[in-house]
J.: 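What follows is a single structure, and I will ask about it in a moment.
Start at 1 and go down the list; that is how both ligands and their atoms are numbered.
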Amino acid sequence: MSLNRALIFLGPPGAGKGTQSKRLAAVLGVPHLSTGDMLRDAVVRGSELGRMAAPMMERGELVPDAIVMGMVEERIALRDCAGGFIFDGFPRTIPQAEHLDRILARLGYGKPLVVEFHVSAETLLRRVAGRWTCSVGGETYNVYERPPRVAGICDNDGGKLIQRADDRAEIVRERMAAYERQTKPLADYYRDHGVLEVIDGTAPVEDVHRELLGIVRRTDDKRDGHL
Ligand code: AMP
C-alpha cells in the first residue's frame, strides 16, 4: 500500500499520535516526522534553534510558527519523503496548516490526509502521567497500559527509560490548554477542506492501527477513482 501524500495526526497530548504514527510509518515505509522530537533534539544539541525553543517548550507553550515551518520545510524536501510522510504534532496552528498547504502544492503533493484522535480527558491525563520514553530509540511505554518487560528499560534496545520534563502535571495542563486554544481549530479547517477523518483513540493500540490502515487504503482508492 502506498501513501504518496502527507498524513497528519491531530489530537491532544496523550491521544496516541506518537505510538500510532511511528507504527504506521514503519508499516508503510515512510518517514515519521515529529516536530516535538526534532525540537527536543535541537535542544539537546544546543543549536541556536534549540536555545530559542527550549524556554517555551519548558512552559508547555508552542514555539513560534516560523521556527517550526523552517524545520519542516527543510525536512520534507529530503529524498526519503518522496513516497509520503507522517506528521506527528504538526501542524499545530492555522498559519502552520496554511503554510503547509502551500509547501505541499509547490512540491507536487495533493491534499494531505488528516486523522483526528478523540480521547476523553481522563484517559489523556493517565496516558501522559504514565508515559516513559526510551532515551536511545525514542520508543514510548505506559506504566498502566503498556509497561516494558523490565521496569525502566526499553524492550527494543535496552535503553534507559526517562520521563519527559514537560509531562509534569502543571505543564501538561498548559499543553492541553494550548491544544484547545491553538490546535483544535485545525479540525474545522481540515473538515472544510474535506480531508478530515475521526477515530476513537481510546480503543486498544492494535485496533486503532488497523483502523488507520483502513482509512489510508480507503482514501487512496478514492483518489485513484476506484470508488
Ligand atoms: P510534542 O512532543 O509534539 O508534544 O511537542 C513538545 C513541545 O514542542 C510542544 O509543547 C511545543 O512546545 C513544541 N512543538 C512541537 N511541535 C510544535 C509545532 N508544530 N508548533 C509549535 N510548537 C511545537
J.: Under a single-linkage rule joining Ile, Leu, Val, Met, Phe, Trp and Tyr whose side-chain heavy atoms are separated by less than 4.5 Å, which residues share a cluster with L161?
T.: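 Other cluster members: W132, Y141, V143, Y144.
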J.: Would you list the pairs meeting side chain to side chain donor-acceptor pair (under 3.5 Å) in which at least one residue belongs to residues 70-81, sequence neighbours left out?
T.: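 Listed once each, the pairs are E73-R106, R75-D80.
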J.: At less than 3.5 Å, what protein N or O atoms come close to the N or O atoms of ligand 1? Include the distances to 0.1 Å.
T.:
residue, atom, partner, partner atom, Å
ligand 1, 2 (O), R40, NH1, 2.9
ligand 1, 2 (O), R40, NH2, 3.0
ligand 1, 2 (O), R164, NH1, 3.2
ligand 1, 2 (O), R164, NH2, 3.3
ligand 1, 3 (O), R92, NH1, 3.0
ligand 1, 3 (O), R92, NH2, 3.2
ligand 1, 4 (O), R92, NH2, 3.4
ligand 1, 4 (O), R164, NH2, 3.1
ligand 1, 4 (O), R175, NH2, 3.4
ligand 1, 5 (O), R92, NH2, 3.3
ligand 1, 12 (O), E61, O, 2.5
ligand 1, 16 (N), T35, OG1, 2.8
ligand 1, 16 (N), G89, O, 3.4
ligand 1, 16 (N), R92, NH1, 3.3
ligand 1, 19 (N), G89, O, 3.1
ligand 1, 19 (N), Q96, OE1, 3.1
ligand 1, 20 (N), Q96, NE2, 2.9
ligand 1, 22 (N), V63, N, 3.1

J.: Looking at R127, is its backbone amide N or carbonyl O close enough to the side chain of N142 to form a donor-acceptor pair, meaning the two atoms are under 3.5 Å apart?
T.: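 Pair found, side chain donor or acceptor close to backbone of R127.
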J.: Would the distance check show the side chain of Q182 and the main-chain N or O of L62 forming a donor-acceptor pair, the cut-off being under 3.5 Å?
T.: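 Checked: no pair found.
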J.: Sort out for me which residue in F87, F85, F117, F90 forms a ring-ring contact (aromatic ring centres under 6.0 Å, His included) with F9.
T.: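 Exactly one option meets the ring-ring contact (aromatic ring centres under 6.0 Å, His included) with F9, and it is F117.
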J.: Given a cutoff of under 4.5 Å between side-chain heavy atoms of I, L, V, M, F, W and Y, with clusters grown through shared members, what are the other residues clustered with L125?
T.: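 Noted: L125 shares its cluster with V119, L124, V128, V172, M176.
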